[in-house]
Amino acid sequence: MNKFLTIIFLLFANSVFAIDIDEAIKSTIEKNPKVKIAYEKLIESRELIENAYNEKLPTITGTISGTYSTSDSTTSTATTTPETFTDKYKLSLSQNLYDAGEKDLEIERSKLLFDREVINFNVTIQNLILSAIEGYLTVINYEKSLKASNKNFDSVSRFLDETKTKFDLGSATLYDLQNAESAYAIAETNLFIAQQNYEVSKITFNRIVGLKAVNLEDVIDLDRNINLNSFLENVEKNNYSLALLNNDIGNSNLLLAKEKLNNKPSLDLSTSVEYSDSGRIDSGTEKTNGTIGLTLTIPIFQQNNDKSDIRKYQSQLLQAELTLDDAKQDLSIQASNLYKNYLISKSNITSNNKQIESIQTSLESIQEEYNIGTKTINELIDAESELLNVKVNLNTSKKDMILNYFNIMALEGSLISSFEKYLPEYN
């Protein structure tokens, strides 16, 4: 975490928040039900590995049975009714001795399927982290907009009061008064919108993270110099979507290899030991039997289904390889656009800061000229409104830059590593 998180008050200074993004992510991972569902899928998938290993073990069964029988027998000299009760105990063992490596391939495939669930788990975590970050920044952004709208509303309210006074004294025209009232109505609406946006953003943040968006502290480091070529290389090596597609290729290869083994012979051992006693009621006999056998199975003809399945898996493998190549090209374009948007948002921040400096200087000048009567109230209101708009644009640009930064980390597969300490154990 320390490798990329540090103070960023230069971007969002003087916020009243004190829960940092670190705590927000921690709460998201611990409380969001999507994480719990993905974790249970990991546990379920891990059992596939256990079952694959168990398939190589022998099968041992034991049976106990008891049989009661009676019959009437009549001869010319006597009638008899013999009764017997036979109890039987049997222990059987069967073990595959040779399967051409099919069970080993299934073990390898079960590990591959588990790896796939690990990737899906990371994708779930990554998406929630991005949602938490976006919710976190949205709250901050709307808080800043609310502050700016409040300040603008206070200024316009003061201008309206001054204009009313001047109108009553005859030094302001009806047109000036109407413009001031119009500006007041716009400022009031902007303030209401900012308040509603802020409240809704807090609700959304709480839904994702499980914490109230109160007292958050900005602790995100964007001091990293991003190089496009390195970024594209990292995407191709570490992107989760590409990892899933590579997993599909591996799975198709294993299925194809298993299918080719269907026409290979197999050798199985079977053995059993049996004891029976039929003399529990009347006199009878005791028997002890033991058997051992080897079975060699040689596939000769399987209705050509094996050849059809081989062609099917070969086609699936080719599809997976083509899909991977196509996805790499799409991700390259996506990464380039994301990098471009990141640079644009950084440029917008610089531009907005310069605009704010210029407008504030102009506003001070207009205020002085307004006080001596050489500027109108409309010009003063227009300057205040322009300053508000640029400040809102600045906050939006800051939010966009940070989101672009984290989306770059997500695309190249490095986002989760910054929050590993909050992930549940699954190995």
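Environment of NZ in Lys264: sparse, with no more than 12 heavy atoms of neighbouring residues, nucleotides or ligands closer than 6.0 Å. Residue Gln196 places its CD atom among more than 12 non-hydrogen atoms of other residues, nucleotides or ligands, all under 6.0 Å distant. Residue Lys103 places its NZ atom among more than 12 non-hydrogen atoms of other residues, nucleotides or ligands, all under 6.0 Å distant.
Two residues are said to be in side-chain contact when any heavy atoms from C-beta on lie closer than 4.5 Å; Leu269 and Ile292 meet this criterion. Taking 4.5 Å as the limit, every side-chain heavy atom of Leu48 sits out of range of all side-chain heavy atoms of Phe114. Taking 4.5 Å as the limit, some side-chain heavy atom of Ile249 sits within range of a side-chain heavy atom of Asn253. The side-chain heavy atoms of Thr163 and Asn179, taken from C-beta on, include no pair separated by under 4.5 Å. The shortest side-chain heavy-atom distance between Gln95 and Leu97 falls under the 4.5 Å cut-off. Considering only heavy atoms from C-beta on, Ser308 comes within 4.5 Å of Arg311 through its side chain. Within the 4.5 Å cutoff, no side-chain heavy atoms of Leu322 are placed close to those of Asp326. Two residues are said to be in side-chain contact when any heavy atoms from C-beta on lie closer than 4.5 Å; Ser149 and Leu388 meet this criterion.
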After noting the C-alpha distance and the side-chain angles of Asn371 and Gln367, does the key distance pass the side chain to side chain donor-acceptor pair (under 3.5 Å) rule?
-> CA-CA 6 Å; Asn371 292 335; Gln367 179 72 58; 3.3 Å; yes
Quick one: do Leu232 and Ser332 satisfy side chain to side chain contact (heavy atoms under 4.5 Å, CB included)? Show the steps, please.
-> CA-CA 6 Å; Leu232 293 175; Ser332 177; 4.1 Å; yes
Trace of the side chain to side chain contact (heavy atoms under 4.5 Å, CB included) decision for Ile349 with Met401 = CA-CA 9 Å; Ile349 291 175; Met401 184 181 70; 3.6 Å; yes
Applying side chain to side chain contact (heavy atoms under 4.5 Å, CB included), run through Asn51 and Glu55 and close with a yes or a no.
-> CA-CA 6 Å; Asn51 290 337; Glu55 286 293 321; 5.8 Å; no
Any chance you could lay out the side chain to side chain contact (heavy atoms under 4.5 Å, CB included) test for Val390 and Leu394, step after step, and finish with the verdict?
-> CA-CA 6 Å; Val390 176; Leu394 174 63; 5.5 Å; no
Any chance you could lay out the salt bridge (Lys or Arg N to Asp or Glu O under 4.0 Å) test for Lys354 and Glu357, step after step, and finish with the verdict?
-> CA-CA 5 Å; Lys354 289 181 179 179; Glu357 290 178 7; over 6 Å; no
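Side-chain N or O atoms of Ser362 include none that pairs as donor or acceptor with a backbone N or O of Ser358 at under 3.5 Å. For the pair Ser45 (side chain) and Leu42 (backbone), a donor-acceptor distance under 3.5 Å is absent. At distances below 3.5 Å, at least one donor-acceptor pair connects side-chain atoms of Asn239 with backbone N or O atoms of Leu411. Without hydrogens or angle criteria, Asn251 side chain to Asn247 main chain gives no donor-acceptor distance under 3.5 Å. Between the Ser365 side chain and the Thr361 main chain, no donor and acceptor come within less than 3.5 Å of each other. In terms of modelled atom types and a separation under 3.5 Å, the side chain of Thr374 and the main chain of Glu369 share a donor-acceptor contact. No donor-acceptor pair closer than 3.5 Å links the side chain of Asp87 to the backbone N or O of Ser276. Counting only distance, with no hydrogens or angles, the side chain of Thr124 and the backbone of Asn120 share a donor-acceptor pair below 3.5 Å. Looking only at distances, a side-chain donor or acceptor of Thr396 sits under 3.5 Å from a matching main-chain atom of Val392.
Partners of Thr189 by side chain to side chain donor-acceptor pair (under 3.5 Å), not counting sequence neighbours: none found. Take Phe153 and apply the ring-ring contact (aromatic ring centres under 6.0 Å, His included) test, not counting sequence neighbours, and it matches Tyr184. Partners of Thr173 by side chain to side chain donor-acceptor pair (under 3.5 Å), not counting sequence neighbours, listed by chain and number: Asp176. Scanning for side chain to side chain donor-acceptor pair (under 3.5 Å) contacts around Asp104 gives Lys56, with sequence neighbours left out. With sequence neighbours excluded, no residue forms a side chain to side chain donor-acceptor pair (under 3.5 Å) with Ser336.
Note: Lys398 NZ to Asn348 CG = 13.0 Å, rounded to the nearest 0.5 Å. In this structure, the separation between CG on Leu261 and CD on Glu259 is 9.0 Å, given to the nearest 0.5 Å. Between the NZ atom in Lys260 and the OH atom in Tyr313 there is a gap of 13.0 Å [rounded to 0.5 Å]. Note that CG of Asn227 is 6.5 Å distant from OH of Tyr339, once rounded to the nearest 0.5 Å. For the atom pair Thr271 OG1 and Leu91 CG, the distance stands at 8.5 Å (nearest 0.5 Å). Annotation: the span from Met409 atom CE to Ile129 atom CD1 amounts to 9.0 Å, rounded to 0.5 Å.
Checking Ser351 against Gln355 by side-chain atom types alone, a donor-acceptor pair falls below 3.5 Å. Donor-acceptor pairing under 3.5 Å is lacking for the side chains of Asn404 and Asn341. Residues Thr291 and Ser272 have side chains that bring a donor and an acceptor to within less than 3.5 angstrom of each other.
Nearest heavy atom pair, residue Asn352 against residue Ser397, reads ND2-OG, 3.1 Å. Between Ala38 and Phe121, the shortest heavy-atom distance links the atoms CB-CD1, 3.6 Å. The two atoms that bring Ala52 and Ser110 nearest to each other are CB-OG, 3.7 Å, heavy atoms only. Pairing each heavy atom of Ile310 with each of Leu256, the nearest pair is O-CD1, 3.6 Å. Residues Ala180 and Val156 come closest through the heavy atom pair O-CG1, 4.4 Å.
Under the side-chain contact (heavy atoms from CB on, under 4.5 Å) rule, Leu324 has a single partner from Asn246, Asp248, Leu244, which is Asn246. The side-chain hydrogen bond (donor to acceptor under 3.5 Å, both in side chains) test with Asp268 singles out one residue from Thr297, Thr295, Asn96, and that residue is Asn96.
Under the 30°/60° scheme for interplanar angles, the aromatic rings of Tyr405 and Tyr342 are found to be tilted.
A salt bridge links Glu106 with Arg109; the closest basic N to acidic carboxylate O contact falls under 4.0 Å.
Evaluation of the side-chain hydrogen bond (donor to acceptor under 3.5 Å, both in side chains) test over residues 314-324, restricted to residues two or more places apart or in two chains, returns Ser315-Gln319.
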